[in-house]
Amino acid sequence: MAMMKGFDFNPITNTLTLTTTCAKKAGKLGTPEYALMKKLRQDYPTLTVTVKEKAKPAAGLDYKRMAEIIKLCRNSEKRLAIFEKIKSLSKAQETPYLYVKNWFLDNYANYDAAPQFDDDGFLIIKTKAEMKEEKAADLAAEKAETLAFAS
């Protein structure tokens, strides 16, 4: 049975998660979504069905705010062009805003921290990977300091 967009079926946990759009379609007789839902209900009578909520903008983190943050960074023109491409690509996704938000949070992970600026006045931005590396280095330094103190 081919799965379609908007369904996330897990036979191990006996759960089916639908997007709101898919749930609406599954509620209409004659649609492929309805047929699939009916078939799953027959095969798995105790199936738990949930509808996942649409992604909501993080507190004030809409496209406009993302662009404002990007404009404060070095090479902002290039960064904004990439941002526009990501927004374009997001239109093919099930949850466009979530796609863009995840990209933004991966590439501008410290956007909501106390701002740091370079010598030219540009916002110093860090990726999620850089933030993880820094945290690991801080933990290692802290551990070394604790060991040195204990000796």
Side-chain angles (χ1 to χ4, degrees), residues 1-118 121-140 142-143:
M1 160 176 37
M3 294 304 286
M4 57 190 67
K5 197 172 180 180
F7 277 83
D8 183 21
F9 173 63
N10 185 333
I12 295 168
T13 60
N14 199 32
T15 58
L16 174 65
T17 305
L18 308 169
T19 62
T20 51
T21 303
C22 191
K24 286 178 186 175
K25 290 178 183 177
K28 293 182 182 176
L29 289 170
T31 63
E33 292 82 0
Y34 176 85
L36 182 57
M37 176 70 90
K38 185 177 176 185
K39 175 74 173 134
L40 286 172
R41 284 291 209 183
Q42 288 171 348
D43 292 349
Y44 302 90
T46 60
L47 182 68
T48 301
V49 180
T50 58
V51 178
K52 77 177 168 185
E53 295 183 28
K54 288 186 178 183
K56 296 177 184 160
L61 189 59
D62 54 14
Y63 293 150
K64 182 179 176 186
R65 179 73 179 125
M66 290 179 204
E68 289 170 357
I69 292 164
I70 294 169
K71 286 176 188 175
L72 298 173
C73 299
R74 186 175 295 278
N75 301 321
S76 61
E77 298 84 17
K78 182 179 175 184
R79 290 174 181 263
L80 284 169
I82 293 169
F83 178 59
E84 290 303 320
K85 285 181 183 177
I86 294 298
K87 285 185 352 186
S88 249
L89 288 170
S90 76
K91 293 175 183 169
Q93 301 299 315
E94 199 168 314
T95 51
Y97 169 77
L98 189 58
Y99 181 84
V100 176
K101 179 182 131 187
N102 288 339
W103 170 84
F104 182 82
L105 294 176
D106 284 346
N107 291 281
Y108 298 84
N110 66 329
Y111 83 95
D112 61 347
Q116 294 179 320
F117 298 95
D118 65 15
F122 292 105
L123 183 65
I124 297 173
I125 208 71
K126 296 177 184 168
T127 64
K128 190 182 274 187
E130 290 170 332
M131 297 286 286
K132 283 182 182 178
E133 287 174 15
E134 277 185 12
K135 187 174 183 177
D138 289 346
L139 288 172
E142 187 177 303
K143 185 176 181 181

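Sequential numbering from 1 along the given sequence is applied to the chain's residues.
Here Lys87 contributes atom NZ and Trp103 contributes atom CH2; the two are 10.0 Å apart, rounded to the nearest 0.5 Å. From Leu47, atom CG reaches atom OG1 of Thr13 across 9.0 Å, with rounding to the nearest 0.5 Å. One finds the CE atom of Met66 at 4.0 Å from the CG atom of Leu61 (value rounded to the nearest 0.5 Å). Atom CG in Asn107 sits 11.5 Å away from atom CZ in Phe83 (nearest 0.5 Å). Between atom CG of residue Asp118 and atom CD1 of residue Ile125 there is a gap of 11.5 Å, rounded to the nearest 0.5 Å. Taking CG from Leu80 and CG from Asn75, the interatomic distance works out to 11.0 Å, rounded to the nearest 0.5 Å.
Here the shortest heavy-atom pairing between Tyr108 and Arg79 reads OH-NH1, 3.2 Å. Counting all heavy atoms, side chain and backbone alike, Tyr34 lies closest to Lys28 at CB-O, 3.2 Å. Nearest heavy atom pair, residue Ile70 against residue Ser76, reads O-CB, 3.5 Å. Among all heavy-atom pairs drawn from Glu33 and Cys22, the shortest one is CG-SG, 3.8 Å. In terms of heavy-atom proximity, Lys25 sits nearest to Thr31 at O-OG1, 2.7 Å. Of all the heavy atoms in Ala23 and Val51, the pair that sits closest is CB-CG2, 3.8 Å.
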Just distance, no hydrogens or angles: give the donor-acceptor pairs under 3.5 Å from side chains in residues 131-138, sequence neighbours left out.
| residue | atom | partner | partner atom | Å |
| --- | --- | --- | --- | --- |
| Glu134 | OE1 | Lys126 | NZ | 3.2 |
| Glu134 | OE2 | Lys126 | NZ | 2.9 |

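For the side chain to side chain donor-acceptor pair (under 3.5 Å) test, no residue two or more places apart in sequence or in another chain qualifies with Glu94. Listed by chain and number, the residues in a ring-ring contact (aromatic ring centres under 6.0 Å, His included) with Tyr44 are Phe9 (sequence neighbours excluded).
Phe7 pairs with exactly one of Thr19, Leu18, Thr17 by the side chain to side chain contact (heavy atoms under 4.5 Å, CB included) rule, that one being Leu18.
With a 4.5 Å cut-off on side-chain heavy atoms, Phe117 and Leu123 count as touching. Looking at heavy atoms from C-beta onward, Gln93 lies out of side-chain contact with Leu89 at the 4.5 angstrom threshold.
Between Tyr111 and Phe104, the ring planes lie perpendicular to each other; the angle is over 60°, past the 30° to 60° tilted range.
When the shell of 6.0 Å around CD of Glu142 is examined, it contains 12 or fewer heavy atoms from other residues, nucleotides or ligands.
Taking a cutoff of 4.0 Å between a charged side-chain nitrogen and a carboxylate oxygen, Glu68 and Lys71 do not qualify as a salt bridge.
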